[in-house]
Amino acid sequence: MDDDRPPVRAVSYDKDSESHWLSVLYALLEGASEALEISRDDIDGTLSWSKDGKRSIVLFDTVPGGAGASKKIAENLQRVVRFAVDRVSRCDCGEETSCYGCLRSYRNDRHHDRLSRAGALAIFNELRIEGVRDAVDGPWGQTLTHTSSSVIELFAELATLGVAKPQIGIDIGEYYWPAEALWTESRVVLVEGEDDDRDAALAADGYKVYRVADTVADQLAEAVGNTV
């Protein structure tokens, strides 16, 4: 999210924009649940006031005694925010409303008529924050509608590192094994999930196989070698 644009000014709050901030609150909660694999039942939040009279968003654990979820969110806030933006950017419901695929849950049913993707996006746009898919759509020019969030996040980091665009979402090898990405020149393959037979077969065909769950962007970028 770093770029050469001027610093973001503080975003104002007034009573008329409260529904927008509620929408941001629940976008962050859903984003945290998805990005950090935290049960949505274990976290919640509210709009509060800081000591200096500024409106603030508070996220907290709902587990008695706390399970460290809110601390984990604070430590990975940039990732959480990007997933939140992606969630409200890509849902199929109308922007002027919301659904259980983006902002709604049984916990916030009292606010359902006030929640909207447009409200959350208005704040995120003012803050100039992009989602995980947007980060890839820009550098690589590829829309990743059916790709999992963990793969998209890794793609976003690779694009930021300047790694050249691979072939995305293809089947390779004698048995047409599904791969998330293939860098042809370096014969590096990115796959999702555990499948020893697949990985052994691809390795026998001369591919260097990397599993999404076990791979970090710097490691894969070094293996690929080719940058734009």
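All residue numbers refer to positions in the sequence shown, counting from 1.
Closest heavy-atom contact between Leu59 and Ser70: O-CB, 3.9 Å. Among all heavy-atom pairs drawn from Glu30 and Arg104, the shortest one is OE2-O, 4.2 Å. Trp140 and Val163 get closest at one heavy-atom pair: NE1-O, 3.1 Å. Ala27 approaches Phe124 most closely through the heavy-atom pair CB-CE1, 4.1 Å. The minimum heavy-atom distance between Lys72 and Ile38, with the atom names listed, is CD-CD1, 4.4 Å. Between Cys102 and Arg87 the shortest heavy-atom distance is O-NE, 2.7 Å.
Looking only at distances, no side-chain donor or acceptor of Asp42 sits under 3.5 Å from a matching main-chain atom of Val63. Between the Ser19 side chain and the Leu115 main chain, no donor and acceptor come within less than 3.5 Å of each other. Not one N or O on the side chain of Arg40 forms a donor-acceptor pair closer than 3.5 Å with the backbone of Arg107. Remark: the backbone N or O of Asp41 is paired with a side-chain donor or acceptor of Thr62 at under 3.5 angstrom.
Side-chain contact between Val191 and Leu202 is present, with at least one heavy-atom pair separated by less than 4.5 Å. Inter-residue side-chain proximity for Ser33 and Phe83 is flagged as unmet; no heavy-atom pair is nearer than 4.5 Å. Side chains of Tyr175 and Asp197 form no contact here, defined as non-hydrogen atoms less than 4.5 Å apart. In this structure the side chain of Leu158 reaches within 4.5 angstrom of the side chain of Trp183, judged on heavy atoms.
Rounding to the nearest 0.5 Å gives a distance of 5.5 Å between CH2 of Trp21 and CD1 of Ile57. Atoms CG and CG, on Asn108 and Asp44 in that order, are 8.0 Å from each other to the nearest 0.5 Å. In this structure, CG on Leu25 lies 11.0 Å from OG on Ser48, to the nearest 0.5 angstrom. For the atom pair CZ (Arg117) and SG (Cys93), the distance works out to 4.5 Å, reported to the nearest 0.5 Å. The structure places OG of Ser150 at 9.5 Å from CZ of Phe155, a figure rounded to the nearest 0.5 Å.
Checked against the 6.0 Å centroid criterion, the rings of His112 and Tyr100 qualify as a close aromatic pair.
Using a 4.0 Å cut-off between charged side-chain N and carboxylate O, Glu153 and Arg82 make no salt bridge. Look at Asp86 and Arg79 and you find no salt bridge, because none of the NZ, NE, NH1 or NH2 atoms lies under 4.0 Å from a carboxylate O.
Aromatic ring pairs are classed by plane angle as parallel below 30°, tilted from 30° to 60° and perpendicular above 60°; the pair Tyr26 and His111 is tilted.
Heavy atoms from other residues, nucleotides or ligands lying under 6.0 Å from OH of Tyr176 number 12 at most. Other residues, nucleotides and ligands contribute over 12 non-hydrogen atoms within 6.0 Å of the CG atom of Asp214.
Only one option out of Ile172, Asp205, Ile170 pairs with Val189 in a side-chain contact (heavy atoms from CB on, under 4.5 Å); it is Ile172.
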